Amino acid sequence: MPEILFLPENKKVTVKEGVSILDAATKNGIHLEHNCGGVCACATCHVIVTEGFGNLSPMEEDEEDQIEEAEGLTLKSRLACQAKVLGDLVVTIPFCSKGGHEH
Ligand code: FES
């Protein structure tokens, strides 16, 4: 089963192949914003795939469009709710510079 190391929390989790990064995080108590509830409409679930970028399902058009909205976009960026885990990963959850919008 694939292992994901979440940074900066430095927490390693084992997940079933095919789950989204978002599910992998939330099911393991790792805080990851997902304002739209995982339907590819917000980009708050933006993560940076530090290692294992190829171990994810390919990006679809919806995600390509939506990820443009993400802050601090990198070449290794994905939307966690859309990217399905197919192998080992290191995932960095970017600090949200907007901050202060937690309820
Ligand atoms: S949770 Fe909104 S785009 Fe992923």
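When a residue number appears, it is its place in the shown sequence, counting from 1. Read the numbers this way: they start at 1 and go in the same order the structure lists the ligands and their atoms. Values below: every heavy atom of this structure, side chains too, minus hydrogens, waters and symmetry copies. The model shown is predicted, which means the values in this text are computed figures rather than measured ones.
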Which atoms of ligand 1 are found less than 4.0 Å from any heavy atom of [X]?
X   : value
G38 : 1 (S)
H34 : 1 (S)
C40 : 3 (S)

Checklist entry - Is ligand 1 under 4.0 Å from a heavy atom in the side chain of A43, in the backbone, in both, or in neither? => result backbone

Checklist entry - Taking atom 2 (Fe) of ligand 1 as the vertex, how big is the angle to SG in C36 and SG in C42, rounded to 10°? => result 110°

Checklist entry - Is there a donor-acceptor pair closer than 3.5 Å between any side-chain N or O of D23 and the backbone N or O of V19? => result no

Checklist entry - Can you tell if the side chain of V85 reaches within under 4.5 Å of the side chain of I4, non-hydrogen atoms only? => result yes

Checklist entry - Which atom names give the shortest non-hydrogen contact between G18 and K84, and what distance separates them? => result O-CD, 3.0 Å

Checklist outcome for this item: side-chain contact (heavy atoms from CB on, under 4.5 Å) with C81: of L22, V47, I21, T44, only one passes, and it is L22

Checklist outcome for this item: Angle subtended at atom 4 (Fe) of ligand 1 by C81 SG and C45 SG, to the nearest 10 degrees, is 110°

Item to check | Connected via hydrophobic side-chain network under 4.5 Å: L56 and I30 | outcome: yes

